[in-house]
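If you read the sequence from its start, that first residue is 1, and numbering goes on from there.
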Amino acid sequence: MKLTDITLTVVGVPRHTGFVNKHIIVRLHTDEGVTGIGEMSDFSHLPRYAPDVKDLKRVLEQILVGKNPFDLALINKELLDNFPEAMYYYEKGSFIRNGVDNALYDLCGKYLGVSVADLLGGRYHEKIKVCYPIFRHRFMEEVEENVDVVRQRFAEGFDVFRLYAGKNVEADEAFLAAVHKEFGSKVTIKSLDFSHLLDWKEAARVVKRLSNYPIELIESPAYQNDFDGLRHFRHKVDHPVSEHVWSTRQQFEMIKQEAVDIFNISPVFIGGLTSAKKAVAAADTAKKSCLLGTTQELSIGTAAMAHLGSTMTNLDYTSDPTGPELYVDDVVKDKVRYEDGWLTVPSRNVEGLGIELDETKMEQYSVPDLSWNDVTVHQLQDRTAGTK
Ligand SMILES: O=C(O)C(=O)C[C@@H](O)[C@H](O)C(=O)O
Ligand SMILES: [Mg+2]
Ligand SMILES: [Mg+2]
């Protein structure tokens, strides 16, 4: 089987918050008539520039056309040569590699008539516990709106939440107090996510202030790539510390410097399922835990993560992929499913990812390119549509 062509379709899908995120849906075509689908998820992150999609298609054609899609190692090596790792969380080259790699897995699974989980190592979990995100408070008036999000989502079965914290600590505290008062132990706050916005010492002060409320772990409590800061924080604070993995070098430093307890692994930030598998294995070797992170993917990207998660024996903490619940719609026929706060892994009987595109929705949400709308740095950091 040989790859013959690649189609890239940019879609812009709004979230319930009103914020529109742009993704590229990838289709890989072959001489055997099998097509693999993948997702380059959520380009709507800093830095505020956008790859040219026509040029990207030409570059990917040069890398892929004529290759056997089963040559995952070779293709991933060439992708990495062309889109090298950068020591940056939201590096767009990683999103690009991820979309191609998950389409290759979908394609190979379809060709063999097996699910992606079976290609990745077989099933250890049938469902993955996830938490619903509460985006960062900047103003006190957002507290009641966010408590209302907890009410609505709790009624739908989500009982674990995570809070992006650290910009308005008074509001963070008011939110935690209100949730604790109303829900008590019925609701768990998995994490405070500082998103690398604070110096580690400031993050430690905030955690101390909020420590009246039960919180399972703390995420990204130091500036990006401040490994000393992460280690100091980990020694000072009792909570387990998690950090995203965005390059092999960065993961190596975190292991070497004993800087974290938990690796937050998402294919999109490390450049695909192939790379994510390696990061999971490195965590295992270092006797560290993992959780599945997210950029808030649509259903294709989330299904890829569900397949990966189902193979992980060190998935010790509640995971984050809830994209299909955050967006108002999707571009597939059957969205991935959530039940009582668990992400369901697609059945073992599916071929590939087990996801089918809906051409009508693809047309409805298709946008010309990845260009930016009016948006502020705060909106991008805090994932809010609020313009204040
Ligand atoms: O754990 C995180 O950090 C995220 O979930 C990052 C978010 O910014 C996410 O990518 C989003 O788009 O909401
Ligand atoms: Mg995070
Ligand atoms: Mg994102």
Side-chain angles (χ1 to χ4, degrees), residues 1-13 21-43 51-72 75-76 78-79 82-83 92-116 119 267-268 271-274 295 297-305 307 323-324 327 329-336 346 350-370:
M1 179 166 55
K2 287 212 176 346
L3 293 160
T4 52
D5 196 9
I6 177 165
T7 311
L8 301 178
T9 310
V10 187
V11 294
V13 186
N21 292 65
K22 289 189 176 178
H23 316 261
I24 298 182
I25 305 302
V26 179
R27 275 176 273 204
L28 295 181
H29 310 280
T30 62
D31 57 357
E32 302 261 350
V34 189
T35 301
I37 59 169
E39 184 184 301
M40 299 174 183
S41 317
D42 194 4
F43 280 88
D52 178 283
V53 182
K54 281 200 194 81
D55 186 61
L56 181 61
K57 176 177 158 58
R58 268 196 302 271
V59 169
L60 291 175
E61 274 167 7
Q62 284 168 14
I63 299 169
L64 296 170
V65 171
K67 291 227 174 39
N68 182 332
F70 282 95
D71 284 336
L72 289 159
I75 296 173
N76 268 281
E78 281 196 27
L79 286 170
N82 284 276
F83 303 93
K92 293 170 204 287
S94 308
F95 310 170
I96 293 167
R97 287 191 281 123
N98 179 50
V100 174
D101 190 52
N102 57 49
L104 288 169
Y105 272 95
D106 183 52
L107 184 50
C108 296
K110 282 174 175 159
Y111 187 79
L112 295 175
V114 299
S115 74
V116 167
L119 282 180
V268 66
L273 290 166
T274 303
T295 191
E297 294 77 1
L298 296 170
S299 276
I300 301 169
T302 308
M305 280 196 288
H307 284 279
Y327 293 101
D329 207 350
D330 212 312
V331 294
V332 300
K333 287 198 175 141
D334 290 306
K335 283 168 50 166
V336 291
V350 303
E351 299 186 352
L353 294 170
I355 298 285
E356 207 184 327
L357 284 178
D358 180 326
E359 294 302 339
T360 314
K361 300 265 183 187
M362 283 287 284
E363 213 167 291
Q364 182 180 347
Y365 291 106
S366 148
V367 290
D369 54 35
L370 287 169

Item to complete: Return each pair, listed once, that meets salt bridge (charged side-chain N to carboxylate O under 4.0 Å, His left out) where at least one residue sits in residues 21-38; pairs must be two or more places apart or across chains.
Response: Arg27-Glu359
Fill in: Residues in ring pair (Phe, Tyr, Trp, His ring centres under 6.0 Å) contact with Phe43, at least two apart in sequence or another chain
Phe95
Practice prompt. Might you point out which heavy atoms bring Thr302 and Pro324 nearest each other, and give the distance in Å?
Written response: OG1-CD, 3.2 Å
Worksheet item: Taking only residues two or more places apart in sequence, or in another chain, which ones meet Ser299 in a side-chain hydrogen bond (donor to acceptor under 3.5 Å, both in side chains)?
Response: Asp330
Item to complete: Show your working on side-chain contact (heavy atoms from CB on, under 4.5 Å) between Thr35 and Leu107 and close with a plain yes or no.
Response: CA-CA 6 Å; Thr35 301; Leu107 184 50; 5.7 Å; no
Worksheet item: Donor-acceptor pair, Glu39 side chain versus Gly301 backbone, under 3.5 Å?
Response: yes
Worksheet item: Hey, does the side chain of His23 reach the backbone of Asp42 with a donor-acceptor pair shorter than 3.5 angstrom?
Response: yes
Response to the item:
Sorted by chain and number, sequence neighbours left out, side-chain hydrogen bond (donor to acceptor under 3.5 Å, both in side chains) with Lys57 holds for Asp5, Glu61
Item to complete: Identify the two heavy atoms, one from Gly109 and one from Leu119, that lie closest to each other, and give their separation to 0.1 Å.
Response: N-CD1, 3.6 Å
Worksheet entry | Atom of Met40, atom of Ile96 and distance for their closest heavy-atom approach | CE-O, 3.6 Å
Worksheet item: Quick one: which of Val53, Asp52, Leu56 gives a side-chain contact (heavy atoms from CB on, under 4.5 Å) with Leu370?
Response: Val53
Discussion item. For Thr7, give me all partners under side-chain hydrogen bond (donor to acceptor under 3.5 Å, both in side chains), at least two apart in sequence or on another chain.
Written reply: His29
Fill in: Listed partners of Glu78 passing salt bridge (Lys or Arg N to Asp or Glu O under 4.0 Å), at least two apart
Lys67
Response to the item:
Here the salt bridge (charged side-chain N to carboxylate O under 4.0 Å, His left out) pairs for residues 97-107, sequence neighbours left out, are Asp106-Lys110
Discussion item. Run the salt bridge (Lys or Arg N to Asp or Glu O under 4.0 Å) test against Asp358 and tell me which residues pass, sequence neighbours left out.
Written reply: none
Discussion item. Test of understanding: with side-chain contact (heavy atoms from CB on, under 4.5 Å), list the residues that count as partners of Asp334, not counting sequence neighbours.
Written reply: none
Discussion item. Applying side-chain hydrogen bond (donor to acceptor under 3.5 Å, both in side chains), can you list everything that pairs with Asp329, at least two apart in sequence or on another chain?
Written reply: Lys361, Tyr365
Discussion item. Test of understanding: with ring pair (Phe, Tyr, Trp, His ring centres under 6.0 Å), list the residues that count as partners of Tyr105, not counting sequence neighbours.
Written reply: none
Worksheet item: Which atoms form the tightest heavy-atom contact between Ala304 and Asn102, and what is the distance?
Response: CB-CB, 4.0 Å
Fill in: Pair Leu72-Leu273, side-chain contact (heavy atoms from CB on, under 4.5 Å): steps then yes or no
CA-CA 10 Å; Leu72 289 159; Leu273 290 166; over 6 Å; no
